[in-house]
Amino acid sequence: MSVNRELQDTIADMVDGRRGILAADESSGTIAKRFDSIGVESTEESRRFYRSLLLSTEALGDYVSGVILFEETLGQPDDRSTPLPQVAAAQKIVPGIKVDKGKGPLPGTAGDMITYGLDGLAERLAGYKEQGARFAKWREVYPVSPHNPTRLGLTANAEMLARYAAVCQSVGIVPIVEPEVLMDGDHSIERDAEVNEQVWHQVFHALHRYGVALELMILKPSMVTPGKDCAKASPEQVAEYTLRSLRRAVPAAVPSINFLSGGQGPEEATANLNALNQLWQSPWQLSFSYGRALQEPALKAWQGRAEQGPAAQQALLKRARLNHLAMLGEYRESLEKE
Ligand SMILES: O=P(O)(O)OC[C@H]1O[C@](O)(COP(=O)(O)O)[C@@H](O)[C@@H]1O
């Protein structure tokens, strides 16, 4: 099959107007933190058990079209020895893989970050593809301060995302491009809009220079919100600011925008997505690619106890279904109690 055909098929399987993406690709440090919050030790086996529980949730494929896995999970089996990528695929959930290798400070910028992992990426992708991955994800992180992101931070991070995306498409892997503007701090929603807009402009400029086919990628941005230390904005305000900035910076050729949750609570992330889909008929599908906002209730229900598995799966399925309804603009707060 041609590389282009592979990319088109993957986009068709992932973008159908009613399903989103489950981000289950927490790196070792992050998953240890999440497990710590429920008193569970993070071991190879506890991570395998938990992620296998998530992926075998019955009917999850009704609301989720893709799952982002961590490298370790790609090679792990469920209790019946079926590789986890196959467990996902059996539910019509496309398996994908986080391919960046974490982040560190960007020298010369006093506060900006940069992500590692481009060396040997094409070879790594070939291996992941053999294990079943059909898409990849790479995250650049932008802290906000009165002087960050700097001009250098904006161009350097955009360059990394574009180089990664171009390598992915050259080997038939759909790239998810994730520029995350962090919620940390006390910046206003106006400042957040300004930063996100600059970030997206630079990212799409770089994607253009690297010849990335916009029709064959997915954007995973932050929603435009005030910083965590400010009063929260209403879902309508978040939707208005986010759409205004997206319209100014993101070409209509991009098929789907799957937001990250970035520290929003589960109900908040669903209400915001719903408002986004109610506000305006957009050229892109507006969907989710949540980690914490999908998994938090499931983690709490699980508590590391095998007998709590079904409760954890119910909690995950409920969040996935409510976010599916938010994609249709049909979510209501009263559904939380059902
Ligand atoms: O462990 P990392 O690499 O810091 O990533 C943290 C998470 O951030 C995400 O990109 C977004 O997750 P959230 O929706 O929880 O913000 C996930 O895909 C990833 O698991």
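Indexing begins at 1, ligand by ligand and atom by atom, following the structure's order.
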Check your understanding: Between the side chains of S287 and R19, does any donor sit under 3.5 Å from an acceptor?
Key -> no
Check your understanding: Does an N or O anywhere in I68 fall below 3.5 Å from an N or O of ligand 1?
Key -> no
Check your understanding: Any N/O of K103 closer than 3.5 Å to an N/O of ligand 1?
Key -> no
**Study point:** Q295 to ligand 1, any heavy atom closer than 4.0 Å
**Key:** no
Check your understanding: Protein heavy atom under 4.0 angstrom of atom 19 (C) of ligand 1, is there one?
Key -> yes
Check your understanding: What about K98: any of its N or O atoms under 3.5 Å from an N or O on ligand 1?
Key -> yes
Point to revise | Criterion side-chain hydrogen bond (donor to acceptor under 3.5 Å, both in side chains) against Q295, the qualifying member of W302, Y50, Y290 | key: Y50
Check your understanding: Considering only heavy atoms, which of S27, G291, A23, A293 lies nearest to atom 2 (P) of ligand 1?
Key -> S27
**Study point:** Numbered atoms of ligand 1 (with element) below 4.0 Å of T30, judged on heavy atoms
**Key:** 1 (O), 2 (P), 4 (O)
Exercise for review: Heavy-atom contacts with S261 under 4.0 Å: which atoms of ligand 1 show up? List them by number with element.
Suggested key: 13 (P), 14 (O), 15 (O), 16 (O)
Review point. Are S2 and N4 close enough that a side-chain donor and a side-chain acceptor fall under 3.5 Å?
Key: no
**Study point:** Qualifying residue, where the test is salt bridge (Lys or Arg N to Asp or Glu O under 4.0 Å) with E26 and the options are R47, R51, K33
**Key:** R51
Check your understanding: Have S245 and N196 got a donor and an acceptor in their side chains that come within less than 3.5 Å?
Key -> no
Study note, to complete from the structure: Closest heavy-atom approach to atom 9 (C) of ligand 1 among R292, E180, K137 is made by K137
Review point. Pick one: which of E336, R321, H324, E267 meets side-chain hydrogen bond (donor to acceptor under 3.5 Å, both in side chains) with Y331?
Key: E336
